[in-house]
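Right, one structure below, let's go through it.
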Amino acid sequence: MSTKSLYAKSDFSSCGVSGTALASVDLTDSEGLRDMLRALKTADVSDLDYDSLMSKVLVNFEHKFIDDGTEAVQGLMGGDALVFLDKLDGCVLVNVRKYETRSIAEPPTGGVTKGPREGFIENMKSNLSMIERKLRTTELKIEHMTIGRRTSTDIAIVSIDGIADPEVIERIKKRLKAIDIDGVLDTHYLQSYLEPRPYSIFNQIGTSEKPDIIASKLLEGRVAVLCDGSPMVLTLPFVCFEDVQSSEDYYERSTFASFLRVVRVLALMLGVFLPGFYVSLEIFHFSVLPLQLLLTVMNATKGVPFPPLAEVLFVIFLFEIIREAGIRMPQSMGLAMSVVGALVLGDTAVKAGMIGSPAVMIVALSSIATYTVPNAAGAAALLRVLFTIVGGLLGLYGLLVCGMILMIYLVGMNGYGAPYLAPFAPNVSNDKKDGLLKTPVVDIMRRPESFPNTDGIRQKGSEVNNG
């Protein structure tokens with residue numbers, strides 16, 4: 001197919017001024033293009049120039065004047081139309097792109113029983129409109145840029161002027177502008193460029209598919225980064241307790257939301273430490289166990305050919321295989337695969353004497369517990385293997401030392417002025433109102449102080465109430 005067949009050219013004249021409109025056939029909305037050409041051919045403007053063209057003729061279209069040839073080519077290849085006026089430099093880029101996307105629905109990673117159920121889609125324009133519908137303020141600031149030498153992917157940086165810290169915004173923009181890659185297909189391509197420690201196993205950037213979560217983070221002073229073609233939105237700065245929080249916490253009673261957060265934290269710790277704790281007790285500290293429990297464990301593991309450490313690691317490996325197979329297989333077969341793998345295969349392995357039932361129960365409980373905080377499940381899975389090996393080689397003392405090293409590492413993490421373990425390390429009393437425990441919204445008078453923002457007042461009267 002020749003290049004000429006991909007583009008359409010249409011000439012027009014208005015009030016003695018002639019011009020040309022150029023657009024892509026495959027990427028342009030034909031109805032929008034016809035409306036634009038109709039407006040151009042029927043325009044009644046004397047001395048037509050680019051200023052009058054934009055202010056009087058193309059008022060119903062999203063447009064901008066450009067005089068850079070590279071930007072014009074990128075816009076044309078992205079589905080925009082270019083309008084040229086004879087004997088005048090530059091052109092007007094008109095947004096008549098064709099968007100074919102899936103319908104807005106509840107995202108698979110953020111299901112709730114209460115609260116909004118809409119989620120972002122792969123169309124950045126639709127995603128921005130969902131944010132704008134929730135934040136109806138003139139202070140909402142949206143900055144666009146293009147990244148990718150061959151994909152020319154549209155990126156949007158969203159913040160609220162007067163709340164977000166300008167220095168944080170500039171740092172984010174500087175990092176994005178420094179990216180020199182041939183293609184960006186999703187926001188996760190940008191994640192490693194924006195993270196202070198790209199090789200760390202811990203999340204350093206917030207992610208969400210829900211407009212209500214992004215709007216609430218913007219109101220706190222964070223910055224959102226959107227990528228065309230991706231339903232996932234990044235938010236910065238980030239603290240680790242954001243993963244423990246859920247959007248549903250803000251639609252439940254505060255006491256129940258606090259209870260659920262405590263459950264999530266305890267479950268996450270259980271998922272990380274339980275296998276290592278079990279292995280260390282069985283190898284080094286079995287005398288700590290009550291006699292009846294010790295006899296039960298001994299009877300259940302009698303005849304198992306593997307030492308405790310190898311047994312637990314084998315069961316963890318088995319569960320990871322089942323989890324991956326359940327995710328990668330077709331949806332209709334995934335559930336059946338999980339049931340067959342977890343029940344039939346596990347039960348058969350126990351009856352055959354390959355593994356003990358306590359190891360299966362411990363690893364199963366650990367696996368379930370890690371997914372109470374889905375965003376932290378990846379780091380938890382890696383830490384679980386590490387602590388299991390340490391517990392099997394060094395016992396409880398090794399677990400204690402390894403846990404202290406992990407805490408020191410986390411305390412030292414700081415991204416965009418936000419300490420990773422805030423509001424507990426360092427202690428930020430104001431932010432504890434929406435930390436591990438949640439107080440009612442009526443008592444949260446100020447914005448978070450764990451990261452920079454320019455307006456700390458959240459509710460009227462907060463100066464009086466806080467002295």
Worksheet item: Above 12 or not: heavy atoms from other molecules or residues under 6.0 Å from OH of Tyr397?
Response: no
Worksheet item: Is Met269 atom CE crowded by more than 12 heavy atoms from other residues, nucleotides or ligands, each under 6.0 Å away?
Response: no
Discussion item. Using a strict threshold of under 4.0 Å (side-chain N to carboxylate O), is an ion pair present between Glu132 and Lys125?
Written reply: no
Practice prompt. Sequence neighbours left out, what passes salt bridge (charged side-chain N to carboxylate O under 4.0 Å, His left out) with Arg323? Give chain and number order.
Written response: Glu320
Worksheet entry | Side-chain H-bond candidate by donor/acceptor type, Tyr251 with Asp212, under 3.5 Å | yes
Discussion item. With a 4.0 Å cut-off on N to O distance, would you call Lys432 and Glu449 a salt bridge?
Written reply: no
Worksheet item: With side chains defined as the heavy atoms from C-beta onward, is the minimum distance between Leu40 and Val83 less than 4.5 Å?
Response: yes
Worksheet entry | Separation between CG of Leu185 and CD of Glu122, rounded to the nearest 0.5 Å | 12.5 Å
Discussion item. Do His144 and Ile155 have side chains that approach each other closer than 4.5 Å (heavy atoms only, starting at C-beta)?
Written reply: no
Fill in: Check: Glu220 main-chain N/O paired with Arg447 side-chain donor or acceptor under 3.5 Å
no
Worksheet item: How far apart are the closest heavy atoms of Ala72 and Cys91, and which atoms are they?
Response: CB-SG, 4.3 Å
Fill in: Side chains of Thr153 and Asp228, donor plus acceptor under 3.5 Å
no
Response to the item:
Of all heavy-atom pairs linking Pro198 and Ser192, the shortest is CB-O, 3.5 Å
Worksheet item: So, the side chain of Asp68 versus the backbone of Glu71: is there a donor-acceptor pair under 3.5 Å, distance only?
Response: yes
Practice prompt. Say whether, by atom type as modelled, one donor and one acceptor occur between the side chain of Ser55 and the main chain of Asp51 under 3.5 angstrom.
Written response: yes
Item to complete: Check step by step if ring-ring contact (aromatic ring centres under 6.0 Å, His included) holds for Phe241 and Phe424.
Response: CA-CA 10 Å; Phe241 277 93; Phe424 300 97; 4.9 Å; yes
Worksheet item: Ile172 and Leu236: side-chain contact (heavy atoms from CB on, under 4.5 Å), yes or no, with the steps?
Response: CA-CA 9 Å; Ile172 294 173; Leu236 303 100; 4.1 Å; yes
Worksheet item: CD1 of Ile214 to CG of Leu218: how many Å apart, nearest 0.5 Å?
Response: 7.0 Å
Worksheet item: Would you call Phe238 and Thr207 a side-chain contact if the rule is heavy atoms closer than 4.5 Å?
Response: no
Worksheet item: Restricting to pairs with a member in residues 254-276, which pass salt bridge (Lys or Arg N to Asp or Glu O under 4.0 Å), not counting sequence neighbours?
Response: Asp249-Arg261, Asp249-Arg264, Arg261-Asp434
Worksheet item: What distance separates Ser246 OG from Leu260 CG, expressed to the nearest 0.5 Å?
Response: 8.5 Å
Discussion item. Quick check against the 3.5 Å criterion: does Asn127 have a side-chain atom that pairs as donor or acceptor with the backbone of Ile121?
Written reply: yes
Worksheet item: Do Tyr50 and Leu85 have side-chain heavy atoms sitting under 4.5 Å apart?
Response: yes
Discussion item. If you apply the rule side-chain contact (heavy atoms from CB on, under 4.5 Å), what do you find for Leu399 with Leu394, and how did you get there?
Written reply: CA-CA 7 Å; Leu399 287 177; Leu394 303 176; over 6 Å; no
Fill in: Distance, nearest 0.5 Å, that separates CG of Leu176 from CD1 of Ile147
4.5 Å
Worksheet entry | Minimum-distance pair of heavy atoms, taken over all atoms of Val373 and Asp243 | CG1-O, 3.2 Å
Worksheet entry | Test ring-ring contact (aromatic ring centres under 6.0 Å, His included) applied to Phe61 - qualifying residues, sequence neighbours left out | none
Fill in: Under-4.0 Å salt bridge between Glu242 and Lys217
yes
Discussion item. Let me confirm one number: the NZ-OG distance from Lys438 to Ser258, rounded to the nearest 0.5 Å.
Written reply: 7.5 Å
Worksheet item: Got Tyr250 and Gln245 here, is their nearest side-chain heavy-atom distance under 4.5 Å?
Response: yes
Worksheet item: Short question: side chain of Asp431, backbone of Ala422 - any donor-acceptor pair under 3.5 Å?
Response: no
Discussion item. Within a 6.0 Å radius of atom CG on Asp89, are there more than 12 heavy atoms belonging to other residues, nucleotides or ligands?
Written reply: no
Worksheet item: About how many Å separate CG of Leu53 and CG of Leu58, when rounded to the nearest 0.5 Å?
Response: 4.5 Å
Worksheet item: Is there a side-chain contact between Leu226 and Ile131 (heavy atoms, below 4.5 Å)?
Response: yes
Item to complete: Check whether any side-chain heavy atom of Lys141 sits under 4.5 Å from a side-chain heavy atom of Glu143, and report yes or no.
Response: yes
Discussion item. Could you work out, with side chain to side chain contact (heavy atoms under 4.5 Å, CB included) as the rule, every residue matching Val263, not counting sequence neighbours?
Written reply: Phe259
Worksheet item: Counting N and O atoms only, with roles assigned by atom type, does the side chain of Asn453 sit under 3.5 Å from a partner on the main chain of Arg222, one being a donor and the other an acceptor?
Response: no
Worksheet item: Is it true that Phe277 and Phe387 have ring centroids separated by less than 6.0 Å?
Response: no
Practice prompt. Please report the shortest heavy-atom distance between Lys114 and Glu248, naming the atom on each side.
Written response: N-OE2, 3.4 Å
Fill in: Thr370 (side chain) donor-acceptor with Gly271 (main chain) under 3.5 angstrom
no
Worksheet entry | Heavy-atom donor-acceptor pair, Lys210 side chain to Pro116 backbone, under 3.5 Å | yes
Item to complete: Step by step, work out the side-chain contact (heavy atoms from CB on, under 4.5 Å) result for Val223 and Leu234.
Response: CA-CA 8 Å; Val223 181; Leu234 308 180; over 6 Å; no
Worksheet item: Between Lys64 and Val92, is any pair of side-chain heavy atoms under 4.5 Å apart?
Response: no
Worksheet item: Can you name the closest pair of heavy atoms from Asn414 and Pro419 and give their distance?
Response: ND2-N, 3.7 Å
Worksheet item: Is there a donor-acceptor contact under 3.5 Å from the side chain of Ser366 to the main chain of Leu274?
Response: no
Worksheet item: If only atom types and distance count, is the side chain of Thr454 paired as donor or acceptor with the main-chain N or O of Gly162 below 3.5 Å?
Response: yes
Practice prompt. May I have all residue pairs that pass salt bridge (Lys or Arg N to Asp or Glu O under 4.0 Å) and include part of residues 147-165, sequence neighbours excluded?
Written response: Arg97-Asp154, Arg149-Asp180
Worksheet entry | Test side-chain contact (heavy atoms from CB on, under 4.5 Å) applied to Val233 and Glu209, step by step | CA-CA 6 Å; Val233 177; Glu209 293 184 75; over 6 Å; no
Discussion item. Tell me whether the NZ or CZ atom of Arg197 lies within the 45° cone about the ring axis of Tyr409 and under 6.0 Å from its centre.
Written reply: yes
Worksheet item: Residues two or more places apart in sequence or in another chain: which of them pass salt bridge (charged side-chain N to carboxylate O under 4.0 Å, His left out) with Arg175?
Response: none
Response to the item:
For Gln204 and Pro196 the tightest heavy-atom approach is OE1-CD, 3.3 Å
